[in-house]
Amino acid sequence: MTQSTPPARRHWLMKTEPTAFSIDDLARAQRSTWDGVRNYQARNLMRDAMRAGDRVFIYHSNTDPAGIAGIGEVVAEAHADPSQFDKMSPYFDPKSTPGAPRWQCVDVGYVRHLPRLVTLAELKAEPRLCDMVVVQRGSRLSVQPVTPEAWRLVLAMVGVGVEDA
DNA sequence: GCCAACGTTGGC
DNA sequence: GCCAACGTTGGC
């Protein structure tokens, strides 16, 4: 009898501008299609590496202070981003067709808020997080992998148990 | 609002 | 395939 272990749950960080879509919005909606990502590296991560059940730090960018606000879960794996076909959408891509969609996205479900925002300044001040993508100078990638160590450490900084995330 | 860093486009 | 110009991101 062959038995396969399920693939380990992976961890990610996804940026969002809270004026457009915040962790509060995600909490209200409970789940959301993560549309509008128009960067090939981020798309490839969503398409090739993100799996249902993976956990995501929801990061508020372009706000003061920026930081990790909460936790989401991948609830649907990559599918064509509907906004690329919507002429009314700011994310409309005239070069994309339903037969050959250029952009993909996942759906993200709400898991929880963190007890408080973990600011970018705090992340930068923690030497053990110096390899996190989000703290790198000029880092713009809006979908990023997070190591298990970094995941645990950030949770520890706000007193959230790994089992509660 | 500024501007450095980055990704994409397009001329050659 | 190079690279200058351009548009965007996102911290500050």
Side-chain angles (χ1 to χ4, degrees), chain A residues 10-29 32-50 54-74 77-108 110-147 149-151 153-158 160:
Chain A
R10 281 189 267 198
H11 303 100
W12 308 93
L13 180 149
M14 297 175 102
K15 294 182 187 174
T16 181
E17 299 196 12
T19 53
F21 190 80
S22 70
I23 187 71
D24 293 336
D25 294 321
L26 183 60
R28 274 188 288 272
S32 177
T33 291
W34 210 262
D35 61 4
V37 175
R38 295 294 179 268
N39 170 282
Y40 289 105
Q41 197 179 347
R43 179 204 66 184
N44 293 348
L45 286 171
M46 288 195 286
R47 185 189 62 196
D48 304 332
M50 294 184 96
D54 286 357
R55 292 295 163 111
V56 181
F57 282 141
I58 305 297
Y59 178 89
H60 284 175
S61 67
N62 204 12
T63 189
D64 189 19
I68 299 171
I71 294 171
E73 175 182 1
V74 177
E77 294 180 8
H79 55 83
D81 178 339
S83 67
Q84 68 196 308
F85 308 124
D86 177 4
K87 284 201 167 108
M88 294 295 104
S89 168
Y91 305 120
F92 176 66
D93 184 346
K95 294 180 190 158
S96 190
T97 65
R102 175 180 298 206
W103 302 110
Q104 302 243 303
C105 62
V106 299
D107 293 358
V108 177
Y110 175 74
V111 174
R112 59 171 296 159
H113 280 62
L114 292 186
R116 62 176 180 82
L117 189 79
V118 179
T119 67
L120 179 60
E122 281 181 85
L123 298 174
K124 286 185 168 172
E126 171 50 69
R128 288 172 290 174
L129 295 177
C130 66
D131 290 329
M132 273 191 92
V133 180
V134 75
V135 307
Q136 304 309 311
R137 179 181 180 79
S139 170
R140 287 169 44 172
L141 191 61
S142 62
V143 177
Q144 313 175 357
V146 172
T147 65
E149 294 74 22
W151 182 262
L153 186 51
V154 170
L155 292 178
M157 289 166 76
V158 287
V160 173

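Sorted by first and then second residue, the ring pair (Phe, Tyr, Trp, His ring centres under 6.0 Å) pairs with a member in residues 111-143 of chain A read A/Tyr110-A/His113; sequence neighbours excluded.
A/Arg102 and A/Tyr40 share a side-chain donor-acceptor pair at under 3.5 Å.
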Give every pair of a protein N or O atom and an N or O atom of nucleotides 6-12 of chain C that lie under 3.5 Å apart, one pair per line with the distance.
from, atom 1, to, atom 2, distance (Å)
C/dT8, O2, A/Arg140, NH1, 3.2
C/dT8, O2, A/Arg140, NH2, 3.4
C/dG10, OP1, A/Lys15, NZ, 2.9
C/dG10, OP1, A/Arg140, O, 2.8
C/dG11, OP1, A/Tyr59, OH, 2.9
C/dG11, OP2, A/Asn62, N, 2.9
C/dC12, OP1, A/Lys124, NZ, 3.1

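Every residue meeting the side chain to side chain contact (heavy atoms under 4.5 Å, CB included) condition with A/Pro145, not counting sequence neighbours, appears here in chain and number order: A/Trp12, A/Leu45. Under the rule for a side chain to side chain contact (heavy atoms under 4.5 Å, CB included), the partners of A/Tyr91 that lie at least two apart in sequence or sit in another chain are A/Arg38, A/Ser83, A/Ser89.
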Using a 3.5 Å cut-off and no angle test, enumerate the donor-acceptor pairs between side-chain atoms of residues 131-139 of chain A and protein atoms at least two apart in sequence or in another chain.
from, atom 1, to, atom 2, distance (Å)
A/Gln136, NE2, A/Cys130, O, 2.6
A/Gln136, NE2, A/Met132, O, 2.8
A/Ser139, OG, A/Val133, O, 2.9

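Taking the six-membered ring where tryptophan is involved, the planes of A/Phe21 and A/Trp34 are perpendicular, since the angle between them exceeds 60° and thus also 30°.
Listed by residue number, the members of residues 80-104 of chain A with any heavy atom below 4.0 angstrom from DNA chain C form an empty set.
The minimum heavy-atom distance between A/Gln104 and A/Arg43, with the atom names listed, is N-CG, 3.9 Å.
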